[in-house]
2 protein chains.
Amino acid sequence: MAKQSPSIPDSELDVLKVLWDRGRGTVREVLDALKAAGHLGKIKGKPWSYATVATLLDRLEQRGLVSSDRRELAFVYTPTVAEQDVRRERIGHLVDKLYEGEPGLLVLHLLQQHRLAPEHAKEVRALLERLDAESEPPARG
Amino acid sequence: MAKQSPSIPDSELDVLKVLWDRGRGTVREVLDALKAAGHLGKIKGKPWSYATVATLLDRLEQRGLVSSDRRELAFVYTPTVAEQDVRRERIGHLVDKLYEGEPGLLVLHLLQQHRLAPEHAKEVRALLERLDAESEPPARG
DNA sequence: CGTATCCTAAGACACTTGTCCCAGAAGGTC
DNA sequence: GACCTTCTGGGACAAGTGTCTTAGGATACG
């Protein structure tokens, strides 16, 4: 056993997101959800075919990221990883690749180059203070 | 101008980073730098061969991300994109794919799940206050 | 000149990704 | 039972990536 998460491809991620949003779904349901959301393939620039979604779900299952369960006619797929985890993995990768493993640098860049919604900025400040207080030694004299 | 960068592959990024660090370099220099840094291929898990680095530099040139200039014996490669830009592109992608286009959410996640070095935390707080002050009406009284 | 070096060019090759077609099986309908 | 409809299964195939081999040109050195 080596590594089963060679970074999920974008297309599979799109499928996975639908499952995260809905909890579970069949090929057809995922396809419809994507269409409803106006999703388009990155190469052909048009909505995926049923087969494409099926393949993607299949590959996700091979990666162990979703599990399938046959009910009635169709397989129902359920994610076995949390969005959290995938996000964490992606961030980790990005930070390692482009920010020398320093999440702080990424944060700085985000703040400098991407204007965030004010409510997020507020939350960020609050969170930061909380963390600050925690990590600080109880300044005991 | 649309997008000529269908996301740089990781391997090419590794090469590009060396060029960013050193300003420029030949195949051999990049190779040596990577070896010195203990870099290993992701599939074979061993240091790249000269040819691999050459291929990667070549592909980078095809993408228009580095330019080559023959001096003496060897080609010298120089990056034509700034690390900044690549970082921005990557972040944008990540934010779009996993954070509904909200950089603020990413920041929040980073702060919650990745402990950052205290000096970065400090900088972040400072930066945030500055931004805050700027965007706020100069409530001077 | 002959040989050891180092460089480039060209391409090979396996695996991954993006995308889809088609032949059947399973179930419903009259 | 003959027919749809919807699913699954099993490829297929072009591009993109990761990695290397091989052949050959230029340089350097005795």
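Reminder, nothing fancy here: chain letters follow the sequence lines and each chain counts from 1.
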Roughly how many Å is it from CG in B/Asp14 to C1' in D/dT19, rounded to a whole number?
14 Å
Just N and O in the side chain of A/Tyr50: are any of them under 4.0 Å from OP1 or OP2 of D/dT6?
no
Taking only side-chain N and O atoms of B/Lys46, does any of them lie within less than 4.0 angstrom of OP1 or OP2 on D/dC20?
yes
When you measure from the side-chain N and O atoms of B/Thr52 to the phosphate of D/dC20, is any distance below 4.0 Å, counting only OP1 and OP2?
yes
Does C/dT19 have OP1 or OP2 sitting under 4.0 Å from an N or O in the side chain of A/Ser49?
no
Sequence neighbours left out, cut at 3.5 Å: what donor-acceptor pairs do the side chains of residues 98-114 of chain B make with other protein atoms?
residue  : atom : partner : partner atom : Å
B/Gln113 : OE1  : A/Arg88 : NH1          : 2.9
B/Gln113 : NE2  : A/Gln84 : OE1          : 2.5

Over all strands shown, is A/Ser11 touching base, sugar-phosphate only, or nothing at heavy-atom distances under 4.0 angstrom?
sugar-phosphate
Side-chain atoms of A/Arg28 come closest, of D/dC7, D/dT8, C/dT19, to D/dC7
Take atom CG of B/Asp10 and atom C1' of C/dT16, then tell me their distance rounded to the nearest Å.
13 Å
Is B/Thr26 touching bases, backbone alone, or none of the nucleic acid, heavy atoms closer than 4.0 Å?
nothing
Whether A/Lys42 contacts C/dG18 is assessed here as follows: a side-chain N or O lying under 4.0 Å from the phosphate OP1 or OP2. Is that the case?
yes
d(CD, A/Glu12; P, C/dT19) in whole Å
12 Å
Along DNA chain C (nearest heavy atom to each residue), the more 5'-positioned of A/Leu40 and B/Ile43
B/Ile43
Please state how far atom CZ in A/Phe75 lies from atom P in C/dA26, giving the value in whole angstrom units.
12 Å
What's the CG-C1' distance between A/Leu57 and D/dC7, to the nearest Å?
13 Å
Ion pair check, B/Glu12 and B/Arg63, cut-off under 4.0 Å
yes
B/Arg59 side chain, from C-beta outward: closest of C/dC20, C/dA12, C/dG18
C/dA12
Using a cut-off of less than 4.0 Å, is there contact between a side-chain N or O of A/Arg70 and OP1 or OP2 of D/dG9?
no
Where each residue is assigned the nucleotide of DNA chain C containing its nearest heavy atom, which of A/Leu56 and B/Val27 is assigned the position nearer the 5′ end?
B/Val27
Counting any heavy atom closer than 4.0 Å, what does A/Ala51 reach on the DNA or RNA strands: base, sugar-phosphate only, or nothing?
base
Whole-Å distance separating the CG atom of A/Asp58 from the P atom of C/dT16:
14 Å
To the nearest angstrom, how far is A/Leu60 atom CG from C/dT19 atom P?
14 Å
In whole Å, I'd like the distance from the CD atom of A/Gln62 to the P atom of D/dG11.
13 Å
Salt bridge B/Lys97-A/Asp14, side-chain N to carboxylate O under 4.0 Å:
yes
Is it true that A/Glu61 and A/Ser67 share a donor-acceptor pair across their side chains at a distance under 3.5 Å?
no
If you measure from the Lys or Arg side-chain nitrogens to the Asp or Glu carboxylate oxygens, is any gap between A/Asp96 and A/Arg90 under 4.0 Å?
no
Side-chain donor-acceptor distances from residues 46-55 of chain A under 3.5 Å, at least two apart:
residue : atom : partner : partner atom : Å
A/Ser49 : OG   : A/Ala51 : N            : 3.3
A/Ser49 : OG   : A/Thr52 : N            : 3.3
A/Ser49 : OG   : A/Thr52 : OG1          : 3.3
A/Thr55 : OG1  : A/Ala51 : O            : 3.0

